[in-house]
Protein chains: 2
Amino acid sequence: MGRTDSKNYHVPFEATLDVIAGKWKTFILYLLRRQPMRTGELRRAIPDITQKMLTQHVRELEADGVIIRTVYKEAPPRVEYEFCEFGQQLYPELASMCEWGKKYNGGVGAEKIIKKIEKNIYTTPIKTSDMIKPQRKFLV
Amino acid sequence: MGRTDSKNYHVPFEATLDVIAGKWKTFILYLLRRQPMRTGELRRAIPDITQKMLTQHVRELEADGVIIRTVYKEAPPRVEYEFCEFGQQLYPELASMCEWGKKYNGGVGAEKIIKKIEKNIYTTPIKTSDMIKPQRKFLV
DNA sequence: CGGGATCCAGAACGATACTG
DNA sequence: CAGTATCGTTCTGGATCCCG
């Protein structure tokens, strides 16, 4: 994201996704979760990220109120990034997503169910009368 | 996403994001959280979504092992989508993200911290000696 | 009714060169 | 060291038309 727009969301967690989605944002947030880091540290820690993308993503996270950027008036210039208080409230969400991500593991965790889909669903349509649809819930 | 690639993730929750990110995926998952729905129901429930995008997103979620697609051999054709067991394990993650999303609320929740950034950080660089850097943690 | 195929616009991302 | 500017590429999403 990056503020300026102010979108309308239809779903509660749409906003959350909008803030943390981006090719390198996950990595950046992950690295900053324990301690502040300066620009160069982040760049070296993230393989293949370019200076441009690092700056861009880190600025968007700042604009969204997740991290804080501190400029030290020194020579050579020094800039540090760290989670701010509002951003730290994301920790439970991130931790929670870690759990599922590990199960999924690039599709490995989903293999079983995918196989099941291929074998059963497409070849053997289920009769309506056979279907059980338990009510589910997970919250607002 | 949509399987076929098998990416390498550097961060545990990168995979989770990859699966649920997409312009309409949040909405689709949100609608399916309580009961199965057929294609037309989803399309009518999601304003402005096109047939193409609905099919595409729903198929990717299926390929990622999150939802199941059931085809009923009837006339006219009837197709239903619902969370599968593996996908249901995402519920806590989604619920968790709802919480932060509500606080954020399109930037409103972040307003305070943004104001603080604009006022303090840019104009008054903090002396290194003044900075307190508590160790943080949120999990692997 | 549900969905495939095409073509296209715009956003996201990347390579490179340059600045205080 | 950190960041800006420009340009090119790639990828996502959308319009439109057609099919069983």
Side-chain angles (χ1 to χ4, degrees), chain A residues 1-5 7 10 14 17-28 32 36-64 67-82 121-122 125 128, chain B residues 1-5 7 10 14 17-28 32 36-64 67-82 121-122 125 128:
Chain A
M1 274 257 293
R3 271 350 29 260
T4 14
D5 25 15
K7 299 186 189 175
H10 305 90
E14 212 177 336
L17 271 181
D18 223 20
V19 170
I20 64 180
K23 184 159 181 185
W24 308 100
K25 282 184 187 173
T26 54
F27 212 147
I28 295 169
L32 292 179
M37 291 177 75
R38 40 189 306 190
T39 311
E41 291 177 316
L42 283 171
R43 191 167 36 67
R44 282 186 297 274
I46 305 176
D48 300 332
I49 197 174
T50 60
Q51 175 70 48
K52 177 198 167 189
M53 290 313 296
L54 176 57
T55 303
Q56 182 180 314
H57 278 171
V58 110
R59 289 298 176 84
E60 285 175 7
L61 290 171
E62 183 196 16
D64 282 325
I67 65 176
I68 288 186
R69 174 173 182 270
T70 309
V71 183
Y72 297 89
K73 289 280 164 42
E74 303 173 357
R78 177 177 158 210
V79 178
E80 278 198 357
Y81 299 96
E82 65 185 306
I121 306 301
Y122 286 128
T128 313
Chain B
M1 273 259 293
R3 280 328 55 251
T4 16
D5 26 14
K7 300 186 189 173
H10 304 89
E14 210 176 338
L17 271 180
D18 223 20
V19 171
I20 64 180
K23 184 160 182 186
W24 308 100
K25 283 184 186 173
T26 53
F27 211 147
I28 295 169
L32 292 179
M37 292 178 75
R38 41 189 305 190
T39 312
E41 290 178 317
L42 283 170
R43 190 167 37 69
R44 282 186 296 277
I46 305 177
D48 300 332
I49 196 173
T50 61
Q51 175 69 49
K52 176 200 168 188
M53 291 313 295
L54 176 57
T55 303
Q56 181 180 314
H57 277 170
V58 111
R59 289 298 176 85
E60 287 176 5
L61 290 170
E62 183 196 15
D64 283 325
I67 66 176
I68 288 185
R69 175 174 181 267
T70 308
V71 183
Y72 298 89
K73 290 281 163 44
E74 302 173 358
R78 179 178 158 212
V79 177
E80 278 198 359
Y81 299 95
E82 65 185 306
I121 306 300
Y122 286 126
T128 312

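Naming: A, B, ... by sequence-line order, numbering from 1 per chain.
We find that CZ of A:R78 is positioned 9 Å from P of D:dA2, with the value rounded to whole Å. Straight-line distance from the CD atom of A:Q51 to the P atom of C:dC18: 16 Å, rounded to whole Å. The CG atom of A:D48 sits 15 Å away from the P atom of C:dC13 (whole-angstrom rounding). B:M53 places its CE atom 18 Å from the P atom of C:dT6, with the value rounded to the nearest Å. Atom CZ of B:R69 is separated from atom P of C:dG4 by 7 Å (rounded to the nearest Å). Atom-to-atom, NE2 of A:H57 to C1' of C:dC13 comes out at 8 Å; the value is rounded to the nearest Å. For the pair A:I28 CD1 and C:dC13 C1', the computed distance is 13 Å after rounding to whole Å. Between A:L54 atom CG and C:dC13 atom C1' the separation is 14 Å, expressed in whole Å.
Of all non-hydrogen atoms in A:R43 and A:I49, the two that sit nearest each other are O-CG2, 4.1 Å. Here the closest heavy-atom approach between residue A:V58 and residue A:I67 is recorded as O-CD1, 3.6 Å.
Distance from the side chain of B:R59 is smallest to C:dG4 among C:dG4, D:dG3, C:dG2. Between D:dC1, D:dG14, D:dG3, one nucleotide has an atom nearer to the side chain of B:W24 than all others, and that is D:dG14. The side chain of B:T50 has D:dA15 as its nearest neighbour among C:dG2, D:dA15, C:dG4. Considering only the side chain of A:K23, C:dC13 comes nearest among D:dG14, C:dC13, C:dG2. Of the listed nucleotides (C:dG3, D:dA2, C:dC13), C:dC13 has the atom at the smallest distance from the side chain of A:K52. Nearest to the side-chain atoms of B:Y81 among the listed nucleotides C:dG20, C:dG3, D:dT4 stands C:dG3.
The nearest heavy atom of DNA chain C to B:P77 and to A:P77 marks one nucleotide each, and the one closer to the 5' end goes with B:P77. With the nearest nucleotide of DNA chain D identified for both A:P76 and B:Q56, A:P76 has the one nearer the 5' end.
When side chains are defined from C-beta on, A:L42 counts as touching A:L32, because their heavy atoms get closer than 4.5 Å.
Exactly one of A:R59, A:H57, A:Q51 qualifies for a side-chain hydrogen bond (donor to acceptor under 3.5 Å, both in side chains) with A:T55. That residue is A:Q51.
Between the side chain of B:E14 and the backbone N or O of B:H10, at least one donor-acceptor pair lies under 3.5 Å.
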